[in-house]
Amino acid sequence: MALIVHKYGGTSMGSVERIKNVAQRVAKWHAAGHYMVVVPSAMSGETNRLLGLAKELSPQPDPRELDAIAATGEQVSVGLLAIALKAIGVDAVSYGGWQVPIHTDNAYTKARITSIEDARVRADLAKRKVVIITGFQGIDPEGNVTTLGRGGSDTSAVAVAAALKAEECLIYTDVDGVYTTDPRVVPEARRLEKVTFEEMLEMASLGSKVLQIRSVEFAGKYKVKTRVLSSLTPPDIDLAIEANSGTLVTFEEDETMEQAVISGIAFNRDEAKLTMLKVPDRPGIAYSILGPVAQANIDVDMIIQNASTDGTTDFSFTVHRNEYQRAMEVLNAAKDQMKAAQVLGDPKIAKVSVVGIGMRSHVGIASLMFRTLSEEGINIQMISTSEIKISVVIEDKYMELAVRALHKAFGLDQAA
Ligand code: ADP
Ligand code: ASP
Ligand code: MG
């Protein structure tokens, strides 16, 4: 008899039929004696539809109102799922984030969870009710509805599991686990039985949207046992089989971990590159360029500065594509004062990363990565590394080719 949290994504909740399947699956776990908390997302496409309506009315809608609108997708889902459960004889109750409450800061559209109260949920669980809580949303200190950023229902689920000290958080989605890379891009991608928390954190932060990065951070901070698995299997499959399927995020590196040096390849087209040409190469130049960018509240990811031969240097960095225009404005405003020759911008870039804890003990990973890209004729524009990842920026039209070539070169399509 354990307290278990299930999370169901948009596709898993995508139709009345699918919601019935979710209800049957939850009912099976409930009937096995578990205390069930379920965190569903909005039905697939719904959040985009809602945000699209707002954008039709204004190019830059008020973020508070955007959150008020976007949060309704999950509000509908919890009600529907409660009705579906009751229809098959399982007592259930739905709550919005504000009713639990799930407290957040007031950073609309990307709020962070600050705390979760558990009294109400525990009282319902004690009565053997299935408690259904909206993903993606919370309430700020002034009582406004907030949302947690796209893909945020993962974070709601893991945070709820942490607050309730759940035995496990099961993230049900439209793939049957975490793969070596997105199986929609590389059909040869393989499912990982286990992935270390550190690798999952890198993969999520580098673009694998299978788990929102903040959910992985929560899992790490509160040591929440988290598993990614399919919601598309028959809902009545054997519970013990289901409970061991998918991919487990582990906190230890044990000998049974797959021995691959590289566990996965992540990629994204979320960034844009900016370059200041021929800035005087003197102490403080990086600060004078990035200072105004930071003041404008724009996060910078990769940075490179070339060696100078004539007393000037080129300085490039990447920002999120949503911030690209603003970053260009900041640099253009600062250009003359910095005595830079020109500001260049390029939003057509992609970042491709290889990730694996095996990198710590193996040499030659970078050279294999660079050789593979050169054999495909792909130019590397920027490089950054950490202990367990190497990322490169390339022209975005080569992204899928690069991912496929690297997946092969690192032997990820062969059975472990
Ligand atoms: P949900 O709606 O259930 O939250 P998402 O669409 O957010 O689902 O995340 C699941 C998707 O993540 C998959 O359909 C897959 O295309 C994508 N994905 C990207 N990288 C990976 C990976 N390494 N392993 C599995 N899925 C991945
Ligand atoms: N419905 C939200 C989104 O589409 C949250 C989620 O699905 O995790 O981003
Ligand atoms: Mg998701």
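Whatever order the structure lists ligands and atoms in, that order sets their numbers, starting from 1.
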J.: Taking heavy atoms and a distance under 4.0 Å, where does S153 meet ligand 1: side chain, backbone, both or neither?
T.: neither

J.: Shortest non-hydrogen contact from R184 to V175?
T.: NH2-CG1, 4.0 Å

J.: Given the ring of Y35, does R128 sit roughly above its face, with NZ or CZ under 6.0 Å from the centre of the six-membered ring and within 45° of the axis?
T.: yes

J.: Among side-chain atoms of T233 and E242, is any donor-acceptor pair under 3.5 angstrom?
T.: no

J.: Looking at atom 14 (O) of ligand 1, what's its closest protein heavy atom, distance included?
T.: R184 NH2, 2.6 Å

J.: So for atom NZ, which belongs to K335, do other residues, nucleotides or ligands contribute more than 12 heavy atoms lying within a distance under 6.0 Å?
T.: yes

J.: When you measure from the heavy atoms of E74 to every atom of ligand 2, does any distance fall below 4.0 Å?
T.: yes

J.: In this structure, does ligand 2 have an atom that sits under 4.0 Å from one of the heavy atoms of G152?
T.: yes

J.: Does the pair R191/E193 count as a salt bridge with the N-to-O cut at 4.0 Å?
T.: yes

J.: With a cut-off of 4.0 Å, which atoms of ligand 1 are near a heavy atom of K209?
T.: 6 (O), 7 (O), 9 (O), 12 (O), 19 (C)

J.: Below 4.0 angstrom from a heavy atom of Y179, which ligand 1 atoms are there? Numbered from 1 as shown, please.
T.: 22 (C), 23 (N), 24 (N), 25 (C)

J.: Is there a donor in the side chain of T146 and an acceptor in the side chain of D67, or the other way round, less than 3.5 Å apart?
T.: no

J.: Around atom 27 (C) of ligand 1, find the nearest protein heavy atom and jot down its residue, atom name and distance.
T.: V210 CB, 3.7 Å

J.: Is the closest heavy-atom distance from G177 to ligand 1 below 4.0 Å?
T.: yes

J.: Can you tell me how far apart OH (Y398) and CD1 (I380) are? Round to the nearest 0.5 Å.
T.: 13.5 Å

J.: Is there side-chain contact between K408 and R404, with at least one heavy-atom pair below 4.5 Å?
T.: no

J.: In the protein, what heavy atom is nearest to atom 4 (O) of ligand 2, and what distance, to one decimal place, separates them?
T.: R150 NH2, 2.9 Å

J.: Tell me the protein heavy atom at minimum distance from atom 6 (C) of ligand 2, and give that distance in Å.
T.: S153 OG, 3.4 Å

J.: What residue and atom, counting heavy atoms only, is the protein's closest point to atom 7 (O) of ligand 2, and at what distance?
T.: S41 OG, 3.2 Å

J.: Is the shortest distance from a Lys or Arg side-chain nitrogen in E142 or R64 to a carboxylate oxygen in the other one below 4.0 Å?
T.: no

J.: Name the closest protein heavy atom to atom 13 (C) of ligand 1, giving the residue it belongs to and the distance to 0.1 Å.
T.: D174 OD1, 3.5 Å

J.: Calculate, to the nearest 0.5 Å, the distance between atoms NZ and CG belonging to K351 and D301 respectively.
T.: 3.5 Å

J.: Would you indicate which of V228, V186, D182, I265 comes nearest to atom 17 (C) of ligand 1 when only heavy atoms are counted?
T.: D182

J.: Under 3.5 Å, is there a donor-acceptor pair between the side chain of R321 and the main chain of P347?
T.: yes

J.: Return the residue, atom name and 0.1 Å-rounded distance of the protein heavy atom closest to atom 2 (O) of ligand 1.
T.: G10 N, 3.1 Å

J.: For the backbone of A189 and the side chain of T181, can you confirm whether one donor and one acceptor N or O come within less than 3.5 Å of each other?
T.: no

J.: With heavy atoms only and a cut-off of under 4.0 Å, state how R191 meets ligand 1: side chain, backbone, both or neither.
T.: neither

J.: Identify, by atom number and element, the atoms of ligand 1 in contact range of V178, meaning under 4.0 Å from any of its heavy atoms.
T.: 24 (N)

J.: Any heavy atom of P183 closer to ligand 1 than 4.0 angstrom?
T.: yes

J.: Below 4.0 angstrom from a heavy atom of T173, which ligand 1 atoms are there? Numbered from 1 as shown, please.
T.: 1 (P), 3 (O), 8 (O), 10 (C)

J.: Can you find a non-hydrogen atom of G151 under 4.0 Å from ligand 2?
T.: yes

J.: Which ligand 1 atoms, with their elements, are less than 4.0 angstrom from a heavy-atom of S208?
T.: 20 (N)

J.: Without hydrogens or angle criteria, can the side chains of T11 and D174 be said to hold a donor-acceptor pair below 3.5 Å?
T.: yes

J.: For atom 4 (O) of ligand 1, find the nearest protein heavy atom and state the residue, atom name and distance (0.1 Å precision).
T.: K7 NZ, 3.0 Å

